[in-house]
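Inspection log for the structure reproduced underneath, given as structure tokens.
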Protein chains: 2
Amino acid sequence: MDVTARPAAADCRAVSEILSRVGDKWTIQVVVALRLGALRFNGLKRQVGGISQQMLTRTLKTLERDGMIERTVHPSTPPQVEYRLTPLGHSLSETVRQLADWAAAHTENIWENRLRYDTDHP
Amino acid sequence: MDVTARPAAADCRAVSEILSRVGDKWTIQVVVALRLGALRFNGLKRQVGGISQQMLTRTLKTLERDGMIERTVHPSTPPQVEYRLTPLGHSLSETVRQLADWAAAHTENIWENRLRYDTDHP
DNA sequence: CGGTATCCCCTGAGATACTG
DNA sequence: CAGTATCTCAGGGGATACCG
């Protein structure tokens, strides 16, 4: 039996895990916002339009837990907290950019397909 | 094209749309199952372990609507329905494989990060 | 065999109010 | 400023039963 032909089920689950994380509503937008440099909480909130405080907190925590971003507290009044991508986070952002390129290249095509499908299937 | 620019918000939304579609629970597993060739409904159901009939139906319909797969009915008794990737679907599967490679390469690292984070944050 | 139609549950996500 | 704590709700996803 050739194990190299079809990806193992375990790999599939791992990929799904990553994708469902990356594919949630906010993760990518946060990562993209951080690609060009560190940002603070409210700066990030402004950059990622439409996100609620709570969802930003949750998304940041998850990303930090996975080692994608680093959280730095500068003790001062008012407190300053900086978020920046780790090397792992940067590498993710590069991979995501590939997918983004694919999406950008095919979005229009997909929309046409949907339109045609909806027209043909009343 | 200026690669250094920040992606437009519209692009971001398009990418998120694609990713949340691709990142759902079943889409990738279905696409991966079809990479090596066409399959029929129940063959697909066996290949993608744990999926319910309804979710398989929904996933296939969405993929068909987006033009990722093609559905062919062979009129016979019992009826035979074949699903296969379109060129667009194949191109998606290639892009996803990139992400899969990234995931495979970093999964262990991520798990270590989570473990450490959970240890450090009681 | 290849699906629909229902019902139900759980989680993702938002709104709001409060805190160090 | 940078969060935490609650409440709430829509919809993604599953189980089951039925249909051509």
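Below, chains carry the letters A, B, ... as their sequence lines are ordered, and counting in each starts from 1.
- The shortest heavy-atom contact between B:T86 and B:I69 is CG2-C, 3.7 Å.
- Identified under the salt bridge (charged side-chain N to carboxylate O under 4.0 Å, His left out) test for residues 80-92 of chain A, with sequence neighbours left out: A:E82-A:R84.
- Of the candidates D:dT4, D:dA2, C:dG3, D:dA2 carries the atom nearest the A:R40 side chain, counting heavy atoms from C-beta on.
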Could you list the donor-acceptor pairs under 3.5 angstrom formed by side chains in residues 104-113 of chain B, with sequence neighbours left out?
{"from": "B:H106", "atom 1": "ND1", "to": "B:W102", "atom 2": "O", "distance (Å)": "2.9"}
{"from": "B:H106", "atom 1": "ND1", "to": "B:W102", "atom 2": "NE1", "distance (Å)": "3.4"}
{"from": "B:T107", "atom 1": "OG1", "to": "B:A103", "atom 2": "O", "distance (Å)": "2.3"}
{"from": "B:N109", "atom 1": "OD1", "to": "B:N113", "atom 2": "ND2", "distance (Å)": "3.4"}
{"from": "B:N113", "atom 1": "OD1", "to": "B:R116", "atom 2": "NH2", "distance (Å)": "3.0"}
{"from": "B:N113", "atom 1": "ND2", "to": "A:D66", "atom 2": "O", "distance (Å)": "2.9"}
{"from": "B:N113", "atom 1": "ND2", "to": "B:N109", "atom 2": "O", "distance (Å)": "3.4"}

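- Atom P of nucleotide C:dG14 and atom CG of A:L56 are separated by 11 Å, given to the nearest angstrom.
- If you take NE2 of B:H121 and P of D:dG3, they are 11 Å apart, rounded to a whole angstrom.
- Put simply, A:Y117 and B:L92 are part of two different groups of oily side chains (I, L, V, M, F, W, Y) that touch within less than 4.5 Å, one to the next.
- Every residue meeting the salt bridge (charged side-chain N to carboxylate O under 4.0 Å, His left out) condition with B:E94, not counting sequence neighbours, appears here in chain and number order: B:R35, B:R97.
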Pull out every protein N or O sitting under 3.5 Å from an N or O of nucleotides 13-16 of chain D, one pair per line with the distance.
{"from": "D:dG13", "atom 1": "OP1", "to": "B:K25", "atom 2": "N", "distance (Å)": "3.4"}
{"from": "D:dG13", "atom 1": "N7", "to": "B:R58", "atom 2": "NH1", "distance (Å)": "3.0"}
{"from": "D:dG14", "atom 1": "OP1", "to": "B:K25", "atom 2": "NZ", "distance (Å)": "2.7"}
{"from": "D:dG14", "atom 1": "OP2", "to": "B:W26", "atom 2": "NE1", "distance (Å)": "2.9"}
{"from": "D:dG14", "atom 1": "O6", "to": "B:Q54", "atom 2": "OE1", "distance (Å)": "3.3"}
{"from": "D:dA15", "atom 1": "N6", "to": "B:Q54", "atom 2": "OE1", "distance (Å)": "3.3"}
{"from": "D:dA15", "atom 1": "N6", "to": "B:Q54", "atom 2": "NE2", "distance (Å)": "3.2"}

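- Across B:L39 and B:A33, no two heavy atoms sit closer than the pair CD1-O, 3.5 Å.
- Atom CG in A:L39 sits roughly 15 Å away from atom C1' in D:dC1 (whole-Å rounding).
- At the heavy-atom level, A:K61 lies under 4.0 Å from the strands shown only through sugar-phosphate atoms.
- Phosphate proximity of C:dG3 to B:Y83: present, with a side-chain N or O under 4.0 Å from OP1 or OP2.
- Between the P atom of D:dA2 and the CG atom of A:L60 lies a distance of 11 Å, rounded to the nearest Å.
- Between B:R21 and B:T62 the shortest heavy-atom distance is NH1-CG2, 3.3 Å.
- Residues satisfying the ring pair (Phe, Tyr, Trp, His ring centres under 6.0 Å) criterion with A:H74, sequence neighbours excluded, are absent altogether.
- The stretch residues 73-82 of chain B touches DNA chain C through B:P78, B:P79, B:Q80, B:V81, each having a heavy atom within less than 4.0 Å of the strand.
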